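Inspection log for the structure reproduced underneath, given as structure tokens.
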Amino acid sequence: MLDCDREGENICFEVIDSVKHVLAKPNDNRNIFRAHFSSITEQDIKRAMNNLGKPNKNESLSVDARQELDLRIGCAFTRYQTRFFQGKYGDLDCNLVSYGPCQTPTLSFCVDRMDKIKSFKPETFWYLDVELQYSKTGQSFNVKWSRNHLFDKDVVYMFYNDLKQSSSAMVTNVNLQEKTKQRPIALNTVEMLRAASAGLGMSPIHAMQIAEKLYTQGYISYPRTETTTYAANFNFKEVLVQQTKSSSWGSIAQDLLNGNMVNPRKGVDQGDHPPITPTSFASPEQLPGDLWRLYEFITKHFLATVSRDCKYEELTITFKIKSEEFSCCGKNTIENGWTELMPWKQIDFKEIPNLKKGESVQIGHIKVLEKQTNPPDYLTESELIGLMEKNGIGTDASIPVHINNICERNYVKLERDRRLVPTNLGVVLVHGYQRIDPELCLPKMRSQVEEQLNLIALGKANYRDVLKHTLRIFEQKFHFFVQNVSLMDSLFEDSFSSLSATGKPMSRCGKCRRFMKLVLSKPQRLYCEYCKDTYNLPQNGTIKLYRELKCPLDDFELLINSINKNLNHPFCPYCFNNPPFDDMKKGDGCINCSHSTCTHAFNSNALSKCFECQNGLLILDSTTPPKFRVICNNKLCKLIIILPDTLIKADVSDDLCENCDAPMLNIVYHKDKTPLENGQTSTTACLFCDNNLKVSIENYLKLANKKINFDRKKFTHKHKSGGGRRKKRVVHKNW
């Protein structure tokens, strides 16, 4: 198994359960072992196979417990919130009003920062701005007041009036120190995600997907790890030799091999996977775009961990003007060390005059400047990842998922510099939890659960007992939430519009015959303000009225879901939510309806079994005449056959083709474009046999670059009728 952590143990037991029935002794686990390796290299795999271990049931159970708790708690709250709030408000603009034991505290961090920004009251402060001029070199430089700034204007002006007549400042102390900027520790998942967001502009979920591709292609080690220290037997030389091939950092790798490599700093061993390192050499030509950018960072970070520290000089000079003290600081790099690999981490050079104690320096100016304190900024993705790690929210694998969820569900918006700005919906949700039960959005609740899960993994707590105890707590919290949901609802009322005040009139309700409103914000739905009913709609297209036609079952006006210019699906909003027949599913449209006489159901429009997917039926689509198409009623099938644009009318005939038993088409051509003899415009023809129609199938196959040789009779029914008359069709759903 690839995972060396708890999730890996859980996968291990899933595999055991899947193959147990074919084992010679299914109940004997003594001969079941697992291999631990974190990179797909020959050396690591051989080492793992030579050091097999036993699966750890306790660690697997801790993962089972986490999965069950998150699923049951999340589903209960999410289902209730979604039904309650989407049934009342029309402009929430989200498909789900979700809750998650990790997702919600993640959102809470963003909202808490927004609350601090909103409640921030700027304060005015004053300070002395002093510029000195060194006459020997002509340099001008600013010095910093030892009191920094004061919030009392009169006091600052008192100091200013005392100093403004002074003409020089005396050097009272010169301090030159050599300092170091330590090399980084080994790379783990959280640090990789933070760097990818802050430095490479990648979202955490995208960075993790890129890292997984690099891993599966054999370029880096396993990218999900909390460990920041290298194993004692890690082969640094092997990795460095590979990187000497690089035109960018090959010389640095060679220099390290020549004796300039230093021991890496000691990090933390979490006992899961080793740190993230390159496992083979790659060039920009091998890895396009973001794959290369992330690989470059991971490789440079590895080289930096075994490079010398950055050394620099810091010169601090202290001055006195009368009784007030000022200072300035200059920096000069002695040795770049590891920062040569990461120039953005280098020490900023700042030059100041080389003065001696007792020297006098002329004052250029002394001013009083006024400024105001600034509020904190919105959280960046990088900062949020750090907060989640610090508070134990999510794992190295799930942190990107939680951040992605709050973005996709319209709780936060990603703004400049990858900052996360909460939306109205996100703010109202968190403030609502704080009103009802603050623990629902605080990180400490999740931390306590994680402590219990750790005890399961260590064999110090019973899986069933922890599960039962935690579910009982959240069950009580859920009931309390339901009883007090009005506290959150009052916030929704202030921020969002009711369903009755949202949307535009669309189609008539089959119950009251009044117009229902189409609510366009996510999720799209119809709302009848007289019956107080809400009807879900397809979410992947544009909803239009279908010629004011009605469903024969419930009298609701039919709608069309226009997915693209070539794909339109008619449906009844009531049947879409309440399937009238056993062979229909919720969300099915007219092309999946088995009504025996309705002109929109597949019984009236089916031509044959689909030769593309083998599962659906080919249906004549005549929703947008004079454009006619043949489509498949299997939602997963993308087949679209466009019939000749010379047609002005087409419908399915009751007659069958004598050659292939397929239902015929009653068609009418444009009088100026008819291909029929003697200028005839109407005929009954077979899609599969008629030369003027079957060209549409040939065009589809050519455009899709497909070569399908099919026997038409295989895809049509075999009903026979006597005499020389045309056969009449009998439709079966599963032709």
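All values below were derived from every heavy atom in this structure, side-chain atoms included, with hydrogens, water molecules and symmetry-related copies excluded. Computed from a predicted structure; not experimentally measured.
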Side chains of residues 542-554: which donor-acceptor partners sit under 3.5 Å, not counting sequence neighbours?
unit_1 : atom_1 : unit_2 : atom_2 : d
Arg547 : NH2    : Ser622 : O      : 3.0
Arg547 : NH2    : Thr623 : O      : 3.3
Asp554 : OD1    : Phe556 : N      : 3.0

Check residues 674-681 and write down every donor-acceptor pair under 3.5 Å in which the side-chain atom is one partner and the other belongs to a residue at least two apart or another chain.
unit_1 : atom_1 : unit_2 : atom_2 : d
Thr674 : OG1    : Leu676 : N      : 3.2
Thr674 : OG1    : Gln680 : O      : 2.4

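- A donor-acceptor pair shorter than 3.5 Å can be found between the side chains of Asp489 and Tyr89.
- Between Gln217 and Leu287 the shortest side-chain heavy-atom distance falls below 4.5 Å.
- Of all the heavy atoms in Leu639 and Val630, the pair that sits closest is CD2-O, 3.7 Å.
- Remark: side-chain polar atoms of Arg419 are not paired, donor with acceptor, to backbone N or O of Asp417 under 3.5 angstrom.
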Inset, instruction - Run the numbers on Arg508 and Asp555 for salt bridge (Lys or Arg N to Asp or Glu O under 4.0 Å), then give the verdict. - result: CA-CA 9 Å; Arg508 290 187 183 274; Asp555 218 26; over 6 Å; no
Report, one line per pair, each donor and acceptor closer than 3.5 Å where one atom sits in a side chain of residues 91-99; sequence neighbours left out.
unit_1 : atom_1 : unit_2 : atom_2 : d
Asp91  : OD1    : Ser497 : N      : 2.9
Asp91  : OD2    : Ser497 : N      : 3.3
Asp91  : OD2    : Ser497 : OG     : 3.4
Asp93  : OD1    : Lys522 : N      : 3.4
Ser98  : OG     : Gln103 : OE1    : 3.4
Ser98  : OG     : Gln103 : NE2    : 3.0
Ser98  : OG     : Arg409 : NH1    : 3.1
Ser98  : OG     : Tyr411 : OH     : 3.0
Tyr99  : OH     : Leu440 : O      : 2.9

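- The pair Arg72-Glu68 counts as a salt bridge, with a side-chain nitrogen and a carboxylate oxygen less than 4.0 angstrom apart.
- Residue Cys593 holds its SG atom at 5.0 Å from CZ of Phe581, rounded to the nearest 0.5 Å.
- Here the shortest heavy-atom pairing between Cys637 and Glu612 reads SG-CG, 3.8 Å.
- In this structure, the side chains of Asp655 and Pro663 stay at 4.5 Å or more apart for every pair of heavy atoms.
- Enclosure of atom CG in Asp582 is not indicated, since only 12 or fewer non-hydrogen atoms of other residues, nucleotides or ligands lie within 6.0 angstrom.
- A 4.5 Å side-chain heavy-atom check between Val22 and Val19 finds at least one atom pair inside the cut-off.
- Crowding of Lys532 atom NZ: a count of heavy atoms from other residues, nucleotides or ligands under 6.0 Å exceeding 12.
- Within a 6.0 Å radius of OH in Tyr574, other residues, nucleotides and ligands contribute 12 heavy atoms or fewer.
- With contacts defined as side-chain heavy-atom distances shorter than 4.5 Å, the pair Tyr219/Gln286 qualifies.
- Cation-pi contact between Arg514 and Tyr530: present, with separation from the ring centre below 6.0 Å and deviation from the ring axis of at most 45°.
- Rounding to the nearest 0.5 angstrom, the gap separating the CG atom in Leu687 from the CG atom in Leu693 is 6.0 Å.
- For Lys635, the side chain to side chain contact (heavy atoms under 4.5 Å, CB included) criterion is met by Asp588, not counting sequence neighbours.
- The two residues Gln524 and Gly541 come nearest to each other via the heavy atoms NE2-O, 3.4 Å.
- Here the CD1 atom belonging to Ile205 is positioned 13.0 Å from the OG atom belonging to Ser197, to the nearest 0.5 angstrom.
- Residues Leu214 and Leu294 meet the side-chain proximity criterion, which asks for heavy atoms closer than 4.5 Å.
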Legend entry - Worked verdict on Asn666 versus Thr684 for side chain to side chain donor-acceptor pair (under 3.5 Å): CA-CA 5 Å; Asn666 296 321; Thr684 301; 3.0 Å; yes
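- Side-chain contact between Ile399 and Leu384 is absent, with no heavy atoms from C-beta onward closer than 4.5 Å.
- Taking the six-membered ring where tryptophan is involved, the planes of Tyr80 and Phe84 are essentially parallel, since the angle between them stays under 30° and well short of 60°.
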Inset, instruction - With side chain to side chain contact (heavy atoms under 4.5 Å, CB included) as the test, would you mind laying out the steps for Phe628 and Ile641 before giving the verdict? - result: CA-CA 9 Å; Phe628 300 95; Ile641 298 172; over 6 Å; no
Legend entry - Step-by-step side chain to side chain contact (heavy atoms under 4.5 Å, CB included) determination, Leu193 to Met208: CA-CA 7 Å; Leu193 295 176; Met208 184 54 71; 4.1 Å; yes
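- Residues meeting the salt bridge (charged side-chain N to carboxylate O under 4.0 Å, His left out) test with Arg293, sequence neighbours left out: Asp290.
- Between Asp661 atom CG and Phe688 atom CZ the span is 11.5 Å, to the nearest 0.5 Å.
- Note that the SG atom of Cys632 and the CG atom of Asn615 stand 8.0 Å from one another [nearest 0.5 Å].
- Here the closest heavy-atom approach between residue Lys585 and residue Pro579 is recorded as C-CG, 3.5 Å.
- The two residues Thr106 and His402 make their nearest non-hydrogen contact at OG1-CB, 4.1 Å.
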Legend entry - Intermediate values then yes/no, side chain to side chain contact (heavy atoms under 4.5 Å, CB included), Leu559 and Leu518: CA-CA 11 Å; Leu559 301 173; Leu518 173 63; over 6 Å; no
Legend entry - His595/Thr597 under side chain to side chain contact (heavy atoms under 4.5 Å, CB included): CA gap, chis, key distance, verdict: CA-CA 6 Å; His595 193 286; Thr597 60; 2.9 Å; yes
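- When side chains are defined from C-beta on, Thr423 does not count as touching Val412, because their heavy atoms never get closer than 4.5 Å.
- Remark: the Asp64 side chain and the Asn10 side chain contain an N/O donor-acceptor pair separated by less than 3.5 Å.
- Ion pairing of Lys511 with Asp533 is present here, as a side-chain N (NZ or NE/NH1/NH2) and a carboxylate O approach within less than 4.0 Å.
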Legend entry - side chain to side chain donor-acceptor pair (under 3.5 Å) between Ser495 and Asn424, intermediate numbers included: CA-CA 7 Å; Ser495 303; Asn424 278 344; 5.6 Å; no
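- Note that CG of Asn633 and SG of Cys590 are 12.0 Å apart. Values are rounded to the nearest 0.5 Å.
- Judged as a side-chain hydrogen bond (donor to acceptor under 3.5 Å, both in side chains), and not counting sequence neighbours, Thr599 has no contacts.
- In this structure, Trp292 and Ala282 approach most closely via the heavy-atom pair CZ3-O, 3.4 Å.
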Inset, instruction - Would you check, one step at a time, whether the test side chain to side chain donor-acceptor pair (under 3.5 Å) holds for Glu557 with Ser507? - result: CA-CA 6 Å; Glu557 286 187 332; Ser507 62; 4.8 Å; no
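- The side-chain heavy atoms of Met516 and Tyr535, taken from C-beta on, include a pair separated by under 4.5 Å.
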Inset, instruction - Check the pair Arg629 / Thr624 against side chain to side chain donor-acceptor pair (under 3.5 Å), numbers first and verdict last. - result: CA-CA 9 Å; Arg629 308 165 190 86; Thr624 56; 3.0 Å; yes
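- Side chains of Ser596 and Asn603: a donor-acceptor N/O pair is absent below 3.5 angstrom, by distance only.
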